[in-house]
Amino acid sequence: MTGVSTSFHGFDIGRTVRNITRRLVQVALMTAPPMLRIALAVPFFRSGLTRWDGFLSLSPSTLYLFEEEFQLHIFGGLYGFPAPVLIAHLVAIAEITFPILLVLGLATRFSALCLLMMTAVIQLVVPDGWATFHLPWAALAIALIALGPGKISLDHLLDRFNHAGKVRGAG
């Protein structure tokens with residue numbers, strides 16, 4: 001006997017395992033990107049909802065946080081946000097807009113990059129949150145930047161539509 005047999009009465013175990021693995025990869029490649037998009041969108045969207053007190057009106061607590069409480073921890077010093085009211089508005093808009101875009105799978109890589117940058121700034125404000133919040137958020141954002149939106153996304157649909165238009169236009 002020179003090798004271990006992988007067949008049992010004509011049933012090839014190795015081929016079966018490879019086929020199952022290939023199918024699992026196909027399912028994962030289809031489902032992982034939308035799940036990653038939702039997982040990253042949820043905490044930012046929930047935070048964004050708390051920032052508003054009516055249509056385009058920031059809540060007083062949001063303004064207070066950006067004007068008085070939030071401090072950037074940089075090189076051992078504490079620094080307030082420049083233009084805190086403007087920053088509060090931009091953050092509040094971003095925390096609603098980018099999660100919606102992510103869930104739709106529209107401008108996915110750009111939205112993930114923006115939320116990654118926001119995570120970096122949040123890390124400067126809350127340095128103790130790295131292991132519990134910021135690292136998972138950063139990992140999700142980087143995974144989306146690397147993998148892209150996936151097939152279940154508006155980005156994919158628009159790309160297919162754009163490609164089909166180019167093919168039709170070339171003929």
Side-chain angles (χ1 to χ4, degrees), residues 26-75 77-166:
Q26 289 172 339
V27 170
L29 286 172
M30 183 74 77
T31 59
M35 293 175 74
L36 292 168
R37 295 192 328 252
I38 292 167
L40 182 58
V42 166
F44 284 92
F45 188 76
R46 290 178 68 184
S47 175
L49 290 176
T50 69
R51 305 246 180 250
W52 297 99
D53 191 23
F55 184 70
L56 296 180
S57 176
L58 286 183
S59 70
S61 62
T62 294
L63 291 171
Y64 176 79
L65 287 172
F66 279 87
E67 291 174 332
E68 305 294 331
E69 291 292 319
F70 289 164
Q71 300 284 312
L72 299 167
H73 296 75
I74 303 173
F75 301 121
L78 293 176
Y79 304 93
F81 276 98
V85 174
L86 174 63
I87 298 294
H89 277 89
L90 292 174
V91 166
I93 291 167
E95 286 183 332
I96 295 294
T97 304
F98 294 126
I100 289 171
L101 290 173
L102 277 181
V103 169
L104 295 173
L106 184 60
T108 301
R109 286 186 165 109
F110 175 75
S111 298
L113 176 62
C114 290
L115 293 181
L116 178 62
M117 292 187 304
M118 285 182 66
T119 299
V121 173
I122 294 167
Q123 173 61 30
L124 293 175
V125 174
V126 186
D128 295 338
W130 180 247
T132 53
F133 298 107
H134 310 153
L135 179 60
W137 295 345
L140 291 167
I142 290 169
L144 285 168
I145 293 167
L147 293 174
K151 291 184 178 183
I152 305 171
S153 67
L154 288 177
D155 283 337
H156 181 74
L157 183 67
L158 291 171
D159 189 49
R160 286 186 65 193
F161 181 74
N162 187 31
H163 180 68
K166 286 181 182 177

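As the structure is a prediction and not an experimental result, all values here were calculated from the model.
Nearest heavy-atom pair, Leu106 versus Ser111, reported as atom, atom and distance to 0.1 Å: O-OG, 3.9 Å. Summarising the geometry of Arg109 relative to Ala146, their closest heavy-atom pair is NH2-O, 3.4 Å, with the distance given to 0.1 Å. Contact record, Ile96 with Gly48: CD1-C, 3.6 Å, taken as the closest heavy-atom pair. Heavy atoms only, all atoms of each residue included: Pro136 and Trp130 are closest at CD-O, 4.1 Å. Across every non-hydrogen atom of Pro149 and Gly105, the tightest pair is CB-O, 4.3 Å. The minimum heavy-atom distance linking Pro99 with Ala94 is given by the pair CD-O, 3.4 Å.
Sparse packing is recorded around CZ of Phe133, with 12 or fewer heavy atoms of other residues, nucleotides or ligands lying under 6.0 Å away.
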- Apply the test side-chain contact (heavy atoms from CB on, under 4.5 Å) to residues Leu90 and Leu86: give CA-CA distance (whole Å), side-chain angles for both, the deciding distance (0.1 Å), then the verdict. CA-CA 6 Å; Leu90 292 174; Leu86 174 63; 4.1 Å; yes
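To the nearest 0.5 Å, atom CG of residue Leu36 and atom CD1 of residue Ile142 are 12.0 Å apart. The distance from the CH2 atom of Trp52 to the CD atom of Glu95 is 10.0 Å, given to the nearest 0.5 Å. Rounding to the nearest 0.5 angstrom, the gap separating the CG atom in Leu102 from the CZ atom in Phe44 is 9.5 Å. Considering OH of Tyr79 and CG of Leu72, their distance stands at 10.0 Å, rounded to 0.5 Å. Separation of atoms CZ (Phe110) and CG (Leu101) is listed at 9.0 Å; rounding is to 0.5 Å. We find the CG-CZ distance between Leu154 and Phe161 to be 13.0 Å, quoted to the nearest 0.5 Å.
Using a 4.5 Å cut-off on side-chain heavy atoms (C-beta onward), Val125 and Ile122 make no contact. The side-chain heavy atoms of Tyr64 and Glu69, taken from C-beta on, include a pair separated by under 4.5 Å. The shortest side-chain heavy-atom distance between Thr62 and Ser59 falls under the 4.5 Å cut-off. For the pair Val126 and His134, the minimum side-chain heavy-atom distance is below 4.5 Å. A 4.5 Å side-chain heavy-atom check between Val91 and Phe66 finds at least one atom pair inside the cut-off.
Applying side-chain contact (heavy atoms from CB on, under 4.5 Å) to Ile100 and the options Thr97, Val103, Leu104 leaves one that passes, Leu104. Partner Arg37 forms a side-chain contact (heavy atoms from CB on, under 4.5 Å) with one of Leu140, Leu147, Val42, Leu144 and no other, that one being Leu144.
Side-chain N or O atoms of His73 include one that pairs as donor or acceptor with a backbone N or O of Leu124 at under 3.5 Å. Of the possible polar contacts, none joining the Ser57 side chain to the Gly54 backbone as a donor-acceptor pair under 3.5 Å is found. A donor-acceptor pair is defined here as one N or O able to donate and one able to accept, closer than 3.5 Å; such a pair exists between the side chain of Asp155 and the backbone of Thr108.
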